[in-house]
Amino acid sequence: MNRIWNSVVGKLWGTILLLVLFVLFIVTVLMLEFLENFHTQQAEETLRQEAATIGKIVEQYDKVEDSLQIIQDILGAETNALIVKDSESVFLSIHEGLNKEVIKKKLLNDSDLSGIYTSSDTIIKKKLMPSMTEEDQMESYIILASPFESDKKIHGAVFIYQSLDVVNKTSNHTTKIVFLSGFIALLLTTMFSFFLSSRITSPLRTMREAALELAKGNFETKVPYLQKDEIGELGSAFNRMGKQLKHHVEVINQEKEQLSNILTSMTDAVITFNKEYNVLVRNPQAEKLLQKWYENNEPKNNSHLPAELYHLLDHVFHLEEELEEELEIKGSYFSVSISLLYSKESVRGAVVVLRDMTEQHRLDKMRSDFVANVSHELRTPISMLQGYSEAIIDDVVTTEEDRNEMIRIIYDESKRMGRLVTELLDLARLESGYLSIFKEEVSIIPTIERITQKFDQIAKEKNIRLYFDQKLNQPLLLQIDEDRMEQVLTNLIDNALRHTEENGSVIVRLSQVNKQLTIEVEDTGYGIPKEDLPYVFERFYKADKARTRGKSGTGLGLAIAKNIVERHEGNLSVESEQGTGTKFIIRLPIT
């Protein structure tokens with residue numbers, strides 16, 4: 001039932017029905033009032049005519065018997081008459097039904113009606129008298145008293161009375177006709193309402209179903225509009241709306257996808273915050289950064305943001321100004337750019353772009369360290385070249401032996417400078433990718449053994465045991481650049497011999513683990529301090545003075561070795577414990 005009343009059909013039908021009921025009620029009330037008055041007036045007029053006719057008949061006929069039949073014929077149904085010659089004698093009484101005498105007495109004794117004997121005007125009165133059909137029951141009567149036409153001062157009169165039930169019966173019959181007409185009108189109105197409603201609501205229901213399909217994302221939904229009225233125009237507008245919606249959603253999706261792709265491909269971290277410091281949008285780089293901050297968060301604020309960034313956001317939200325700043329957060333350096341988001345001229349959030357500048361800071365430091373190290377490495381040989389050259393030019397030396405010694409020193413220092421420049425150029429070419437690697441199939445066991453044996457004499461001179469140990473089950477052929485790999489192993493074995501004391505040992509070991517060839521160069525030398533291990537492959541790295549003991553080196557050998565190994569798609573690592581020894585491990589893929 002609620003469904004009907006909540007629908008357009010129910011509301012339209014109820015509205016029309018209430019309107020029709022209201023109109024019918026007003027019309028019925030007015031019509032019944034009119035009909036009641038009309039029937040009363042008709043009854044009075046009929047009684048008046050009958051009274052006048054009876055009066056004339058009574059005056060014309062002297063005998064009652066002669067006029068009785070005529071008077072009865074003149075009287076209408078359920079109409080009675082009382083003919084009085086004067087106020088004291090009743091000439092004729094025509095009464096059908098009960099309580100004749102009682103009614104007669106009431107008529108004759110009525111003070112209002114008794115004035116008819118001396119008046120020439122008709123008197124009409126409604127009076128409550130006993131019923132003519134049932135005992136002990138009263139009814140309303142309409143009574144008309146009409147005087148005889150006489151010159152006498154006191155004359156007779158005709159009393160005609162009729163029960164109002166006759167009038168009421170006529171009114172009731174008319175009322176039934178009115179209510180029947182109203183009921184038929186209600187039926188017709190209901191049928192018309194439902195017909196009209198269905199004509200209106202049927203396309204509306206179709207539009208509702210189409211709207212639900214649109215809400216589900218089915219923008220191909222169409223509404224048939226065959227009507228040429230407002231509903232047809234609404235259907236046409238609905239179809240245009242669906243087409244525009246589809247276009248706008250496609251545009252929004254394209255822009256969203258484009259924005260998502262841009263954010264995903266950005267190397268910078270992009271985070272959108274609201275004014276409560278909650279994250280609304282973030283790209284993958286920002287996700288990693290937030291996860292890192294969350295894991296290392298100190299409980300200083302509820303947003304799990306570093307205090308430095310939190311204070312910047314707080315500053316931006318309070319002053320409502322954009323900001324660009326560089327921050328150091330937990331050992332990392334970031335370039336931070338904060339832009340405000342507005343909603344109806346009020347700040348609703350901010351977009352934070354974080355660019356990781358840690359690597360750039362490291363490169364800047366490396367660049368400055370590189371310049372300082374190169375300057376330091378070149379200053380000593382240049383100073384020695386300059387000093388000994390000036391001594392020779394100024395004839396400071398007196399003997400030929402001293403002169404030759406100085407010339408030899410100048411030559412050695414120039415060779416040292418040449419080696420430094422050559423290694424710098426090799427390293428630059430390796431890092432930039434301009435130094436070519438020419439791979440060829442090489443038998444690994446004899447090659448590594450040959451390189452190791454080159455250092456036998458040096459090892460014997462230093463009283464150091466040099467071993468070659470291979471654990472390969474069968475000969476192995478590998479695609480490598482033999483010259484470059486010899487350069488790597490030469491550097492590693494030479495370093496091991498230089499940093500190992502007498503009676504120590506150096507082992508070059510070959511092994512295979514799964515699809516990897518492992519080359520280990522292990523010594524029993526001084527070892528590398530734990531704090532220096534992360535930096536051994538950096539350019540110009542040198543151990544402390546106690547470890548080098550004055551032995552020359554450019555500090556570029558390990559950096560070059562690591563680059564060569566990586567160009568072979570391998571890996572070079574180091575394990576060391578101070579006072580025990582050092583192990584350099586080369587891992588190369590076996591294809």
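For reference, positions follow the sequence shown, starting with 1.
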Are more than 12 heavy atoms from other residues, nucleotides or ligands located less than 6.0 Å from atom [atom1] of [X]?
X: Lys454; atom1: NZ; value: yes
X: Glu324; atom1: CD; value: no
X: Glu322; atom1: CD; value: yes
X: Glu321; atom1: CD; value: yes
X: Asn473; atom1: CG; value: no
X: Lys288; atom1: NZ; value: no
X: Glu531; atom1: CD; value: yes

[X] and [Y]: side chain donor to acceptor below 3.5 Å:
X: His568; Y: Gln479; value: no
X: His318; Y: Asp314; value: yes
X: Arg484; Y: Gln487; value: yes

Quick check against the 3.5 Å criterion: does [X] have a side-chain atom that pairs as donor or acceptor with the backbone of [Y]?
X: Asn218; Y: Glu213; answer: no
X: Glu520; Y: Val508; answer: no
X: Asn563; Y: Ala559; answer: yes
X: Arg509; Y: Phe468; answer: no
X: Asn274; Y: Glu276; answer: yes
X: Asn404; Y: Glu400; answer: yes
X: Asp494; Y: Thr490; answer: no
X: Asp523; Y: Thr582; answer: yes
X: Gln470; Y: Leu472; answer: yes
X: Ser260; Y: Lys256; answer: no

In terms of ring plane angle, is the pair Tyr333 and His361 parallel, tilted or perpendicular, where the classes change at 30° and 60°?
-> parallel
Taking the side chain as C-beta and beyond, is there a heavy-atom pair between [X] and [Y] under 4.5 Å?
X: Gln360; Y: Met357; result: yes
X: Asn571; Y: Ile586; result: no
X: Thr518; Y: Leu510; result: no

How long is the gap from [atom1] on [X] to [atom2] on [Y], to the nearest 0.5 Å?
X: Leu478; Y: Leu476; atom1: CG; atom2: CG; value: 5.5 Å
X: Glu325; Y: Leu309; atom1: CD; atom2: CG; value: 11.5 Å
X: Leu323; Y: His315; atom1: CG; atom2: NE2; value: 5.5 Å
X: Gln254; Y: Leu259; atom1: CD; atom2: CG; value: 13.5 Å
X: Glu522; Y: Ser505; atom1: CD; atom2: OG; value: 7.5 Å
X: Asn283; Y: Thr267; atom1: CG; atom2: OG1; value: 9.5 Å

Shortest non-hydrogen separation from [X] to [Y] and the atoms involved:
X: Ile528; Y: Ser576; answer: N-OG, 2.7 Å
X: Pro284; Y: Leu263; answer: CD-O, 4.4 Å
X: Glu482; Y: Glu440; answer: OE1-OE2, 4.1 Å
X: Thr524; Y: Thr500; answer: OG1-CG2, 3.8 Å
X: Val347; Y: Lys275; answer: O-CD, 3.0 Å
X: Gly570; Y: Pro589; answer: CA-CD, 4.2 Å

Is the centre of the Phe317 ring less than 6.0 Å from the centre of the Tyr277 ring?
-> yes
Steps toward salt bridge (Lys or Arg N to Asp or Glu O under 4.0 Å) verdict (Glu287, Lys292) | CA-CA 9 Å; Glu287 179 70 31; Lys292 178 181 176 182; over 6 Å; no
Stepwise salt bridge (Lys or Arg N to Asp or Glu O under 4.0 Å) test for Arg355 and Asp268 | CA-CA 5 Å; Arg355 176 169 295 176; Asp268 297 340; 3.0 Å; yes
